[in-house]
Amino acid sequence: MEGKVRIGLIGAGGIAGAHVAGYRRNPDTVVFAAIADPVRESAERRRGDDEAVTIYDDYRTMIAEADLDAVDICLPHHLHAEAIVAAAEAGLHVLCEKPLCMTKEEAERIAEVAARTGVTIMCAHNQLFLPTVAEARRLIDEGTFGRVYEVRTTDSFYNDFTPESMGWRANAATAGGGELIDTGYHPLYLLQHLAGGVPTEVTAMLSRHRLEFMEGEDSAQVLVRYDNGVVGHVTTSWAYEAAPGTEKFSLVGERGSLTSDGVTLTYRVRGEEPVTSEFEPVHDIAAEVEHFARSLLTGSRPLHTHVEGIDVLGVILAAYESDRTRAVAPVHRIAAPVH
Ligand SMILES: NC(=O)c1ccc[n+]([C@@H]2O[C@H](COP(=O)([O-])OP(=O)(O)OC[C@H]3O[C@@H](n4cnc5c(N)ncnc54)[C@H](O)[C@@H]3O)[C@@H](O)[C@H]2O)c1
């Protein structure tokens, strides 16, 4: 691809505002060309006073008419797979909010259409663009810790949802589950990025501590084993904030360890003094949009494509199975060859 990436946004709700800010911060690589949402006022709010952005009420019409290179999917979870397949069938690249999709069957359709059409499907895993995460990955790749044994990630906050304000997120049919497949996706893709292997088995305990009106869990503890020997531990919740001092991510390896609250990172090699660095906050979704556009313009692979998105979904589906059966659950591989 040459020039700039013409993007059409699908879904103009809450998170779409951060994506639009991401386009605006990347004028050298991105053209915000169109937006589709059946609720006209939402699309108008996201477009602002930029008349060059064409509004559609149906994303299929936008895909057919707006001369796009890519779409950016910010829809409720049950609508992701259909939109990904529609865009890919039209030859458009895809940036998709988490979760990539909700079921193994949807994952198989996505892997099949990606292989057949050759389009790039990037998962919008925004926390990968935090400077502390990039630094942790760099230290791991340099061998600072030797073989990694354990990775822990946390994403918990006190969510003030009510039955009225929660909308599609309260129902398993539209959300795909509860908190774990929503906010829980973040600490799971972060875990996967730092662990660096393919997940093989999962043990989980899910709870509904406070948001009783949800169909699914409001909190989850998940243990994941990877094929490279790493064991990961995720804590995630909408019921409560993590205790003061809880790390956003940490790891322990044969030669040392690392911990980060997301802004500051401290690591220590055994026998040496700890090293602490503080990083400037970034607009992580703007960094994600830039990474997507540059991947398309240079033909390079994004950090997380549908391949990693499907692995994270596999962990979540195994966590639901483990909680149901009260046993360790295997991560089922999908039929299409994505690794
Ligand atoms: N990365 C993050 O931190 C983060 C934060 C919040 C949400 N999200 C994700 O973003 C996605 C959207 O969440 P949200 O909070 O913005 O939801 P939302 O309910 O605020 O917005 C969804 C939008 O989709 C629109 N929509 C519904 N059906 C449509 C269709 N067929 N075509 C076009 N538009 C349609 C709705 O009118 C609404 O404007 C979800 O996948 C969610 O998990 C990510």
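The basis for the numbers below is simple: all heavy atoms, side chains too, and nothing from hydrogens, waters or symmetry mates. Counting starts at 1 for both ligands and their atoms, in listed order.
Classified by interplanar angle (parallel below 30°, tilted 30° to 60°, perpendicular above 60°), the ring pair H291/F129 is tilted. A tilted orientation is assigned to the rings of Y185 and H125, their planes being inclined by 30° to 60°.
Between the choices A16, A18, P76, the shortest heavy-atom distance to atom 24 (O) of ligand 1 belongs to P76. Considering E97, R169, H19 only, the shortest heavy-atom separation from atom 14 (P) of ligand 1 involves R169. Counting only non-hydrogen atoms, the option in R40, K98, H78 that gets closest to atom 41 (O) of ligand 1 is K98.
Annotation: P38 places no N or O atom under 3.5 Å from an N or O atom of ligand 1; distance criterion only. Not one N or O of Y59 is nearer than 3.5 Å to an N or O of ligand 1, by distance alone. The shortest N/O to N/O separation between L79 and ligand 1 does not fall below 3.5 Å. Of the N or O atoms in D37, one or more lie within a sub-3.5 Å distance of an N or O in ligand 1. For ligand 1, the polar-atom distance check finds an N/O of G13 within less than 3.5 Å of one of the ligand's N/O atoms. Here's the thing with I15: one of its N/O atoms is less than 3.5 angstrom from an N/O atom of ligand 1.
No side-chain heavy atom of V315 sits less than 4.5 Å from a side-chain heavy atom of E201. A 4.5 Å side-chain heavy-atom check between V94 and V71 finds at least one atom pair inside the cut-off. The shortest side-chain heavy-atom distance between D28 and K4 does not fall under the 4.5 Å cut-off.
With ligand atoms numbered from 1 in the order given, ligand 1 contributes 40 (C), 41 (O), 42 (C), 43 (O) to contacts under 4.0 Å with heavy atoms of H77. Interface of A36 with ligand 1, defined as ligand atoms under 4.0 Å from a residue heavy atom, comprises 33 (C), 34 (N). Counting atoms of ligand 1 from 1 in the listed order, those under 4.0 Å from a heavy atom of G11 are 24 (O), 34 (N). Every atom of ligand 1 with a heavy atom of H80 under 4.0 Å away is listed here by number and element: 41 (O). Residue contact check: V39 has heavy atoms under 4.0 Å from atoms 37 (O) of ligand 1.
Scanning the protein heavy atoms around atom 12 (C) of ligand 1, the nearest turns out to be C74 O, 3.5 Å. For atom 11 (C) of ligand 1, the closest non-hydrogen atom on the protein side is L75 O, 3.4 Å. Closest protein heavy atom to atom 20 (O) of ligand 1: G14 N, 2.9 Å. Nearest protein heavy-atom contact of atom 3 (O) of ligand 1 is H186 NE2, 3.4 Å.
With V151 as the fixed residue, the side chain to side chain contact (heavy atoms under 4.5 Å, CB included) test singles out one of V224, V230, V234: V230. Evaluated for a side chain to side chain contact (heavy atoms under 4.5 Å, CB included) with V20, the options L9, V53, I7 yield exactly one hit, L9.
Side-chain atoms of Y320 and E217 form a donor-acceptor pair, as typed in the model, at a separation below 3.5 Å.
With sequence neighbours left out, the salt bridge (charged side-chain N to carboxylate O under 4.0 Å, His left out) criterion links R152 to E247. For L130, the side chain to side chain contact (heavy atoms under 4.5 Å, CB included) criterion is met by Q127, T132, V133, K248, D284, not counting sequence neighbours.
A cation-pi arrangement is present between R210 and Y158 under the rule of less than 6.0 angstrom and at most 45 degrees off the ring axis.
Counting heavy atoms under 4.0 Å from ligand 1, residue W168 touches it through the side chain alone. Residue contacts with ligand 1 for N126 involve side-chain atoms from C-beta outward but no N, CA, C or O (heavy atoms, distance under 4.0 Å).
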Set out, in order, the CA-CA distance, both residues' side-chain angles and the distance that settles ring-ring contact (aromatic ring centres under 6.0 Å, His included) for H77 and W168, then state yes or no.
CA-CA 9 Å; H77 301 171; W168 57 266; 4.8 Å; yes
